[in-house]
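Shown next, in structure tokens, is the structure this report addresses.
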Amino acid sequence: MYSVNYHRATSVADAAKLVKSGDAKLLSGGMTLIPAMKTRLAAPSDLVDLSRIKELQGVKVSGKTVTIGAATTHYDVANDEKLKKACPALAHMASLIGDPAVRHRGTIGGSIANNDPAADYPAALLALGATIVTNKREIGADKFFKGLFETALKDGEIITAVSFSAPAKAAYEKFRNPASRYAIVGVFVAKGKDGVSVAVTGAGDDGVFRSKEIEAALVKNFAASALDGVKVPAKNLMTDIHASAEYRANLIAVMAKRAVAAANV
Amino acid sequence: MSDLSLMVNGKRVSGTAEDRTLLVHFLRENLGLTGTHVGCDTSQCGACVVHVDGKAVKSCSMLAVQASGSSVVTIEGLANGADLHPVQAAFKEHHGLQCGFCTPGMIMTATDMIARHPEGLDEATVRAELEGNICRCTGYHNIVKAILAASKTMAKGVKGKAKQAA
């Protein structure tokens with residue numbers, strides 16, 4: 001790792017000031033950034049640690065509205081009793097990220113700011129129609145995720161929370177790479193008052209996306225059987241050593257079916 | 001460089017380290033606590049697992065300066081003098097190690113796992129929870145046995161204490 005200057009921010013306002021120094025990067029759980037720095041794929045001059053800022057932590061549920069602080073760890077999301085009642089699918093999804101030690105450090109804000117094409121949270125937030133709140137503005141999930149490791153965040157902009165309206169039904173299913181355990185395909189389905197939305201991670205050439213074919217079939221009938229014979233096009237899906245685009249296309253339909261079945265239980 | 005102040009195995013520790021120093025290197029090189037191992041160095045193998053503020057974390061993926069102000073427990077902090085911690089005793093009893101390289105991380109993960117599941121553990125849960133700890137001697141079977149046995153022993157201990165308290 002190259003030399004770096006560490007700063008521990010005490011508030012969001014403090015962090016916003018500190019991040020202006022040099023070529024600074026924001027550090028939350030560090031489960032991606034620190035490994036990237038160790039291999040010198042990232043070499044910021046300064047790190048601004050957000051993980052001790054109280055105002056960025058915790059899950060709030062008020063009626064149907066769920067708000068999750070950006071520095072809330074995957075472990076805390078997975079185990080939050082209020083969230084388990086309001087949106088059990090999201091708590092379950094968080095319990096599937098990485099391993100226990102990674103879940104103790106990694107955060108929701110860090111995950112979505114990084115927007116790894118195989119990360120789980122982007123699929124959940126896109127399907128839930130979540131709003132990403134920053135220290136400057138509010139951004140809809142559909143406008144936030146811009147491509148591989150790309151988001152709508154401007155330099156120095158800090159995610160403070162995500163919020164969404166709890167869906168009537170939702171579930172997440174992922175098909176993992178047996179070695180890395182990352183999603184080869186992950187599908188989050190959500191049925192709310194605005195209809196059905198289905199978001200896919202791990203598969204898109206350009207990162208997370210919504211599957212129109214699956215959504216069209218589920219709008220008519222929110223049942224796993226409604227997806228019998230539904231074909232997802234392989235166009236714009238990734239091909240790599242783990243899976244071809246055609247295989248991923250088939251997996252999307254299979255994972256969507258499993259997710260709908262789980263959502264209907 | 002930053003000044004660090006943290007609790008390690010119940011003792012106050014102060015020191016100076018470069019900001020880029022990883023927690024695992026601070027523990028091993030500055031404090032001489034070489035029980036915590038560096039295996040893969042890419043946060044996958046779990047040989048470096050320690051507890052920070054009561055939670056298992058990978059000390060190769062955290063800066064030492066991030067842990068300043070925290071309380072850290074390493075494998076050296078588990079035994080009470082010559083008396084092994086119940087998880088250490090169970091690994092010995094059930095032959096939960098061969099070469100021993102992954103063992104400190106396995107044991108730190110196991111103690112965290114047992115603490116998070118006071119209701120008890122089953123084999124499937126133990127295997128799922130060991131996702132972030134790799135043993136290349138292929139010794140998982142006895143590791144799982146050891147963790148299940150320790151979980152039972154520790155549950156009895158808690159009940160025994162509750163009885164005494166009553």
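Within every chain, numbering begins at 1; the chains are lettered A, B, ... in the order of the sequence lines, protein sequences first and strands thereafter.
At a heavy-atom separation below 4.5 angstrom, chain A is approached by B/D112, B/R116 within residues 111-122 of chain B. Proximity to chain B among residues 254-265 of chain A is not found for any residue, judged by heavy-atom separations below 4.5 angstrom. Using a 4.5 Å cut-off between non-hydrogen atoms, the part of residues 81-101 of chain A that approaches chain B consists of A/G98, A/D99, A/P100, A/A101.
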Query raised in the report: Yes or no on side-chain contact (heavy atoms from CB on, under 4.5 Å) for A/K38 and B/C60, after CA distance, side-chain angles and deciding distance?
Result: CA-CA 10 Å; A/K38 285 165 65 176; B/C60 81; 3.6 Å; yes
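Proximity of A/L47 to B/Q66: side-chain heavy atoms (C-beta onward) are nowhere separated by under 4.5 Å. Annotation: side chain of B/Q44 is not in contact with side chain of A/P35 (no heavy-atom distance under 4.5 Å).
Considering OG of B/S70 and CZ of A/R52, their distance stands at 3.5 Å, rounded to 0.5 Å. Atoms OG and CZ, from B/S68 and A/R8 in turn, are 5.5 Å apart once rounded to the nearest 0.5 Å. Here the CE atom belonging to A/M1 is positioned 4.5 Å from the CG atom belonging to B/L22, to the nearest 0.5 angstrom. In this structure, A/H7 NE2 and B/D19 CG are separated by 8.0 Å, a value rounded to the nearest 0.5 Å.
Other residues, nucleotides and ligands place no more than 12 heavy atoms under 6.0 Å from the CG atom of A/D155. In A/Y6, the OH atom is crowded: over 12 heavy atoms of neighbouring residues, nucleotides or ligands sit closer than 6.0 Å. Other residues, nucleotides and ligands contribute over 12 non-hydrogen atoms within 6.0 Å of the CZ atom of A/F149. Counting heavy-atom neighbours within 6.0 Å of A/K169 NZ, excluding the residue itself, gives a total above 12.
Contacts of B/E18 classified as side chain to side chain donor-acceptor pair (under 3.5 Å), with partners at least two apart in sequence or in another chain: B/R20.
Distance alone, capped at 3.5 Å, places no donor-acceptor pair between the B/K55 side chain and the A/Y75 backbone.
In this structure, chain B has a heavy atom under 4.5 Å from the side chain of A/L27, while its backbone stays farther away. Residue contact with chain A, scored on non-hydrogen atoms closer than 4.5 Å, involves the backbone and the side chain of B/M62 alike.
We find that A/R103 and B/E131 are not joined by a salt bridge, their nearest charged nitrogen and carboxylate oxygen being 4.0 Å or further apart.
The residue among A/R181, A/M37, A/M31 with the most heavy atom pairs within less than 4.5 Å of chain B is A/R181.
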